[in-house]
Amino acid sequence: MKTIEEVLKKLDEIIIWSKANQSPAGYFACTYRIMTAQVLKGIQQKKFEDNPRMVLLDLAFANRYLEAWENYIKGKKCTNAWYLAFEAAKDKDLLILQHIFLGMNAHINLDLGISAASVMPYRKINPLKKDFENINSVIASINQNVQDSLNKICYPVNLIDKLSNGKDNVILDFAISKARETSWATAVIASNTPNFLRDPVINIVDYAAAKVALQILNPKLLSSALAKEMKKCESSNVAKNIEILQQTKTS
C-alpha cells in the first residue's frame, strides 16, 4: 500500500469478506478502518508536527496488519499475536470486545512500535514522540462514538459506559492508551537495535503480545458463566453487527 486511501480500500475488502463469511475478524477490521480514517483526517487537517512523516508511519503500521492477514488467509506464517487473533474468529463464543481487543493487542502492542522504529531508525526515534502521542487524541475523539455503536450490539457495554458516566470511555480508552505506552517503549528499543538483531527483538515483542492475547482469550476477571451470560446479550448476526459499527460517526 502506498497511500492511506489504498489502505482504507483494502480494509473495506476485509470487512466485505467478513460480512459475507459471518467472520468476527471483521470487528477489528471495522474498528481499525474507523480509526485509520480519523488519522487520515488529522493528517489532512495538519494536526501533526510532521504530516508527511505521519503518512509513512500510518502506512508502515497498516501494512503489518494487512501482511499478517494475507499470510494467514493463504496459510502462511504470521506473527503469533496475529495468529491468535485471527484464529479466535473461529470461536463463536467470544465476546465482540474480545475480538476487538485481540486485534488491538497485536496491532498496537506489537506492530505500532516496530512500525515507528522502521520510520525513524538508528536512534532517531525521539523527534517522533509528540506525533506518536498526538495519535491518541485524534483516535480518542471517536472512541465514544465507537462505544455508542457497541452499545447497540451488546447491553453490558452500555451498562459499563453508563456506570462511568460516559466520561472515561473506559473500555476503548484504557485499552488503547495502555497499549500505546507499551508500544512507545518498543519503538525506542527497536530504533536503538542494530539491524542484525531486529528479528530477535520483534520475536520477543511478539511473544509478549501473544501472552497478552491469551489473557484476553481467558480473562481472569471474567468467569465462563458470566461470559456466557454476556454473550446472550449480543446479536449473533455478525454481518449486522459489523454494519452497526460501520455507522459509527466521526467528528
TODO: Would you please test Ile15 and Gln246 for side chain to side chain contact (heavy atoms under 4.5 Å, CB included) and show each step?
DONE: CA-CA 9 Å; Ile15 293 168; Gln246 285 181 295; 3.5 Å; yes

TODO: Please report the closest heavy-atom contact between Ala116 and Ala187, naming both atoms and the distance.
DONE: CB-CB, 3.9 Å

Open item on the list: Could you list the cluster mates of Leu197? Members are the ILVMFWY residues connected by side-chain heavy atoms closer than 4.5 Å, either directly or through other members.
Closed with: Phe196

Open item on the list: Taking Lys129 first and then Glu133, would you say they form a salt bridge - that is, a charged N and a carboxylate O separated by under 4.0 Å?
Closed with: yes

Open item on the list: If you define the side chain from C-beta out and look only at heavy atoms, does anything of Ser236 sit under 4.5 Å from Gln22?
Closed with: no

Open item on the list: If I take atom CD from residue Glu87 and atom CG from residue Asp91, how far apart are they, to the nearest 0.5 angstrom?
Closed with: 10.5 Å

- [ ] On the 0 to 90° scale, with breaks at 30° and 60°, tag the Tyr65-Phe86 ring pair as parallel, tilted or perpendicular.
- [x] tilted

Open item on the list: Would the distance check show the side chain of Ser18 and the main-chain N or O of Gly26 forming a donor-acceptor pair, the cut-off being under 3.5 Å?
Closed with: yes

Task: Check: Lys19 main-chain N/O paired with Ser23 side-chain donor or acceptor under 3.5 Å - done: no

Task: Passing candidate, side-chain contact (heavy atoms from CB on, under 4.5 Å) with His99, options Val238, Leu94, Ile216 - done: Leu94

Open item on the list: Ignoring hydrogens, what is the shortest heavy-atom contact between Thr182 and Asn109? Give both atom names and the distance.
Closed with: CB-OD1, 3.7 Å

Task: Sidechain-backbone polar pair: Asn105 side chain, Phe101 backbone, donor-acceptor under 3.5 Å - done: no

- [ ] Flag the pair Glu5 / Leu40 as yes when at least one side-chain heavy-atom distance between them is below 4.5 Å, and no otherwise.
- [x] yes

- [ ] Verify side chain to side chain contact (heavy atoms under 4.5 Å, CB included) between Asn241 and Ile96, making sure each step is shown before the conclusion.
- [x] CA-CA 9 Å; Asn241 293 341; Ile96 294 171; 3.8 Å; yes

Task: Asp206 side chain to Ile202 backbone, donor-acceptor under 3.5 Å - done: no

Open item on the list: What verdict does the side-chain hydrogen bond (donor to acceptor under 3.5 Å, both in side chains) test give for Tyr207 and Asn80, after you've listed the backbone C-alpha separation in whole Å, the side-chain angles of each residue and the deciding distance to 0.1 Å?
Closed with: CA-CA 7 Å; Tyr207 175 82; Asn80 293 319; over 6 Å; no

Task: Residue that, paired with Glu70, satisfies salt bridge (Lys or Arg N to Asp or Glu O under 4.0 Å) out of Lys76, Arg64, Lys10 - done: Lys10

TODO: Check each of Ile14, Leu245, Leu11 against Arg33 using the side-chain contact (heavy atoms from CB on, under 4.5 Å) test, and report the only one that passes.
DONE: Leu11

Task: Test log, rule side chain to side chain contact (heavy atoms under 4.5 Å, CB included), inputs Met104 and Tyr32 - done: CA-CA 8 Å; Met104 285 184 173; Tyr32 181 46; over 6 Å; no

Task: Check: Gly42 main-chain N/O paired with Gln45 side-chain donor or acceptor under 3.5 Å - done: no

- [ ] Indicate yes or no for a side-chain donor-acceptor contact from Gln38 to the backbone of Ile34 under 3.5 Å, with no hydrogens or angles considered.
- [x] no

Open item on the list: For a quick test of reading the model, state the closest non-hydrogen atom pair linking Asp131 to Asp50 and the distance between them.
Closed with: OD2-N, 3.0 Å

Task: Main-chain N/O of Leu59 paired with Asn63 side-chain donor or acceptor, under 3.5 Å - done: yes

Task: Where Pro24 and Ala89 come nearest, the two heavy atoms and their spacing - done: CD-O, 3.2 Å

Open item on the list: Checking Trp82 against Asn71: is there a side-chain donor and acceptor pair closer than 3.5 Å?
Closed with: no

